[in-house]
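Proteins get letters first, then strands, A, B, ... in listed order; numbering begins at 1 in each.
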Amino acid sequence: MSKFDLPRATRDFLPGETAARNLVRAAFVQSAEAYGFQEIQTPIFEHVELFSARSGPEIKSSMLTFHCDNEEFALRPEMTAPVCRLMSSGLLDLNHLPHKFSYFGPCFRYTRPQSGRYREFLQAGIECLGASGPEVDAEIIAASARTLSSLGIENFNLRIGNIGIFRDLMPDDFDVEEWATVIGHLDRLNGIHEKCRLLAERPDESLLSDLRIDRMELATLQEQTEYTGPYAIADASHLDVTQYASKIGAEAEATFRRLWEVEESIPAETAELLIQISRLRGPVQRVREEAFSLLRGSSSTAALENLFAVCEAVEMYGVDNLNVALGIARGFTFYTSTVFEITSGLADGDRLYCGGGRYDRLVELFGGPPMPSIGCAFRFDTLVEAFCNANAWEQSRPHEIFLLSETKEKLHHAVQFSEELRKCGLRVGVGVGKPTSNRVSDLATHKTDVLAYMGASDSLQLLYAEAEEKAPLDAASVSDRVKSFRNR
RNA sequence: GCUGGCGUAGCUCAGUUGGUUAGAGCGCUUGAUUGUGGAUCAAGAGGUCCCUGGUUCGACUCCAGGCGCCAGUACCA
């Protein structure tokens with residue numbers, strides 16, 4: 001029972017977990033590098049103003065902040081703002097764009113604990129700053145998908161959308177706040193559609209209770225907007241399970257349609273179009289036809305063409321599991337066109353591995369030059385978990401060989417020899433004892449692959465799991481023996 | 001912020017409809033035994049039953065408040 005507790009919503013990682021996390025990190029950095037994304041590092045804390053620039057001062061309450069010398073700092077809650085700051089810092093050569101960066105590091109948010117949400121978490125991502133075009137988007141998307149493959153995670157779902165399709169349908173005088181609200185609604189609608197789709201494929205109690213909560217909230221929204229119509233939830237308060245998947249989607253659509261007309265002054269036909277668009281989802285070829293016939297003559301055709309150009313470019317990389325999902329909104333106002341998500345697929349509850357999109361005006365917002373950019377971030381913890389599930393991951397013992405000296409007087413021989421073995425690249429432990437006691441067998445089980453007993457003679461007795469042999473006191477040959485044991 | 005669950009040995013947890021001395025498995029310590037991937041046997045240590053107050057002859061148990069943890073929800077730049 002320790003005198004000190006962990007700060008709320010933080011974690012310790014033991015050697016096995018840490019090793020797995022380091023492997024995932026290494027795989028991430030390596031596959032990013034394979035596409036030319038070079039790793040950068042920025043400070044773990046910055047001036048508070050950097051992070052409130054985009055989101056307003058009230059965001060301060062969800063950051064970990066501190067004062068020093070009359071300055072106020074915040075532990076970074078995200079990596080995008082520092083990267084954009086870097087772009088406008090003058091350190092970078094802006095004549096040779098784009099800059100392709102990867103980043104990896106701890107971020108901090110002062111949030112209520114919730115499963116999978118911690119106050120310190122790792123964020124990993126890649127960004128391509130200063131370039132636009134479908135090929136650029138496709139490269140980011142393909143690189144993200146390859147990162148998952150390189151971790152042995154193969155059964156993922158890739159969904160690509162384009163937020164510009166919605167944006168271009170909005171009235172010209174639509175301001176940022178209204179846009180944020182509508183994006184929130186679209187995101188919500190998409191989520192409900194997604195859950196309904198999952199529920200239709202496999203009954204699941206937790207999905208069902210999620211949807212019940214969604215439905216209650218829809219009912220509240222309907223009440224606020226005085227909705228009356230065929231999908232009034234109050235009129236059909238009870239649904240049996242089989243109706244959930246089929247009916248809630250329509251109820252949600254009706255609710256948001258009404259909401260957009262009443263509270264956002266969106267014309268009825270535009271609201272209808274938003275609903276229709278958000279439904280479109282599936283393989284590229286099929287959705288292409290539906291989407292173009294739906295949006296023919298609208299102001300969104302350019303964004304739509306861009307979306308399918310991105311999909312074509314992604315397909316060149318040979319990425320499977322590609323779907324178009326026009327309903328993806330990703331919940332952030334700063335995305336300007338391409339948005340995408342990679343999830344775990346149905347079997348694992350469709351958990352988010354990675355999400356990102358194009359943000360062509362963000363660098364400017366941070367005081368930099370105009371710079372069309374795209375980036376994405378990984379859910380590192382989800383990635384680690386999936387990695388451990390996908391691979392027969394076993395924690396290694398701290399030592400590959402442990403030298404046991406017969407007596408304390410002879411220990412210096414063992415220590416000297418251990419140093420020679422370490423030069424050969426082995427992980428080596430040293431101790432005193434006979435290879436017979438309980439303590440020693442415990443050691444053998446938990447702490448080392450091979451136990452080596454240095455008795456009276458000038459040779460070593462190597463004790464493996466199910467065999468033993470003599471070996472000369474020669475670092476190179478012992479090292480070879482141990483390594484061949486490890487590899488078999 | 002809101003809703004629910006939980007808090008007993010180092011760990012995972014049982015238990016007590018309120019009653020003498022607080023339970024198990026694993027782990028730990030010591031010894032014996034077996035030359036070898038780790039057992040077997042014997043003994044032992046280890047507890048403010050989260051805290052504070054209340055009810056009671058008596059509270060780990062019931063009640064109230066607090067703290068902590070977990071899950072869901074709002075939020076999530």
- [ ] Pick the C1' atom in B:U8 and in B:A22, then give their distance to the nearest Å.
- [x] 9 Å
TODO: Taking A:R109 for its side chain and A:P77 for its backbone only, find out whether a donor-acceptor pair lies under 3.5 Å.
DONE: yes
Open item on the list: I'd like to know if the side chain of A:S102 and the backbone of A:A32 have a donor-acceptor N/O pair within less than 3.5 Å.
Closed with: no
TODO: Provide the distance between the two C1' atoms, one in B:A59 and one in B:G54, to the nearest whole Å.
DONE: 11 Å
TODO: Measure the distance from CZ on A:F121 to C1' on B:A77 and round it to the nearest whole Å.
DONE: 10 Å
Open item on the list: Take a 6.0 Å sphere around CD of A:E223 and say whether it holds more than 12 heavy atoms from other residues, nucleotides or ligands.
Closed with: no
Task: For B:A14, the Watson-Crick or wobble counterpart (both distances under 3.5 Å) - done: none
Open item on the list: Please classify the nucleic acid contact of A:T333 as base, sugar-phosphate, or nothing, using heavy-atom distances under 4.0 Å.
Closed with: nothing
Open item on the list: From C-beta outward on A:P77, which listed nucleotide comes closest to its side chain: B:U73, B:A77, B:G35?
Closed with: B:A77
- [ ] Could you tell me the separation between the CZ atom of A:R119 and the C1' atom of B:C76, rounded to a whole number of Å?
- [x] 13 Å
Heteroatom pairs (N/O) under 3.5 angstrom, protein to nucleotides 66-70 of chain B:
| from | atom 1 | to | atom 2 | distance (Å) |
| --- | --- | --- | --- | --- |
| B:C69 | OP2 | A:R8 | NH2 | 3.1 |

- [ ] Report the residues that fulfil ring-ring contact (aromatic ring centres under 6.0 Å, His included) with A:H193, sequence neighbours left out, ordered by chain and then residue number.
- [x] none
Task: Distance, rounded to the nearest Å, where A:R215 contributes CZ and B:U73 contributes C1' - done: 18 Å
- [ ] Considering only atom C1', compute the distance from B:C13 to B:U29 and round it to an integer number of Å.
- [x] 23 Å
Open item on the list: The criterion is side-chain hydrogen bond (donor to acceptor under 3.5 Å, both in side chains); which residues satisfy it with A:Y103, sequence neighbours excluded?
Closed with: A:E127
Task: Check: A:F378 ring centre within less than 6.0 Å of A:F28 ring centre - done: yes
Open item on the list: Check this for me, if you would: do A:R11 and A:E17 make a salt bridge, where the nitrogen-to-carboxylate-oxygen distance has to be below 4.0 angstrom?
Closed with: no
- [ ] Quickly work out the A:F334 CZ to B:A77 P distance and round it to whole Å.
- [x] 7 Å
Open item on the list: As a test of the definition: with a 90° window around 0 for syn, would you call B:U21 syn or anti?
Closed with: anti
Task: Inter-nucleotide P distance (B:C67, B:U30), Å rounded - done: 43 Å
Open item on the list: Let's see if you can work this out: which of B:A77, B:C76, B:U73 has an atom nearest to the side-chain heavy atoms of A:R117?
Closed with: B:C76
Task: Rounded distance in Å between the C1' positions of B:G31 and B:A71 - done: 47 Å
Open item on the list: I need the CG-P distance between A:D214 and B:G72, as an integer number of Å.
Closed with: 15 Å
- [ ] Just name whichever nucleotide pairs with B:C62, Watson-Crick or G-U, keeping both distances under 3.5 Å, else none.
- [x] B:G54
Any N/O pairs under 3.5 Å between the protein and nucleotides 4-6 of chain B? List them or say none.
none

Task: Mate of B:A43 where both pairing distances stay under 3.5 Å, Watson-Crick or G-U - done: B:U29
Task: Proximity of A:F104 and A:F380 rings by center, below 6.0 Å - done: yes
Open item on the list: Side chain of A:E217 only, heavy atoms from C-beta on: which candidate in B:U36, B:U73, B:A77 is closest?
Closed with: B:U73
TODO: Tell me what A:R379 touches on the nucleic acid: a base, only sugar-phosphate, or nothing, going by heavy atoms under 4.0 Å.
DONE: nothing
Task: salt bridge (charged side-chain N to carboxylate O under 4.0 Å, His left out) involving A:R8 - partner list, sequence neighbours excluded - done: none
- [ ] Give none if B:U3 has no partner; otherwise give the nucleotide forming a Watson-Crick or G-U wobble pair with it, both distances under 3.5 Å.
- [x] B:A71
Task: Under 3.5 Å on both distances, the Watson-Crick or G-U partner of B:U48 - done: none
Open item on the list: Strictly below 4.0 Å: does A:R330 bring a side-chain N or O up to OP1 or OP2 of B:A77?
Closed with: no
Task: Which residue lies more 5' along RNA chain B, comparing A:Q114 with A:S62 via nearest heavy atoms - done: A:Q114
TODO: Please measure how far the C1' atom in B:U48 lies from the corresponding atom in B:U61, and state the result in whole Å.
DONE: 16 Å
Task: 5′-ward residue of the pair A:G116/A:K447 relative to RNA chain B - done: A:K447
Task: Rounded distance (Å) that lies between atom P of B:A77 and atom CG of A:L365 - done: 15 Å
- [ ] In whole angstrom, give the distance that lies between atom CG of A:L14 and atom P of B:C11.
- [x] 13 Å
Open item on the list: Please report the distance separating the C1' of B:C26 from the corresponding atom of B:G65, rounded so that it comes out in whole Å.
Closed with: 37 Å
Task: Partners meeting salt bridge (charged side-chain N to carboxylate O under 4.0 Å, His left out) with A:E217 (sequence neighbours left out) - done: A:R188
- [ ] With heavy atoms under 4.0 Å as the rule, sort A:S61 into base, sugar-phosphate or nothing.
- [x] nothing
TODO: Give one of base, sugar-phosphate or nothing for A:R397, where a contact means two heavy atoms less than 4.0 Å apart.
DONE: base
TODO: Would you mind reading off the distance between A:E120 atom CD and B:C76 atom P, rounded to a whole angstrom?
DONE: 23 Å
TODO: Determine: side-chain N/O of A:R112 to OP1/OP2 of B:G1, distance under 4.0 Å, yes or no.
DONE: yes
Open item on the list: I'd like to know if A:R109 reaches the base of B:C75 with its side chain such that a donor and an acceptor end up less than 3.5 angstrom apart.
Closed with: no
Task: Ionic contact status for A:E194 with A:R197, cut-off 4.0 Å - done: yes
TODO: Provide the distance between the two C1' atoms, one in B:C70 and one in B:U12, to the nearest whole Å.
DONE: 15 Å
Task: Note, A:R76 side chain near A:F45 side chain (heavy atom, < 4.5 Å) - done: no
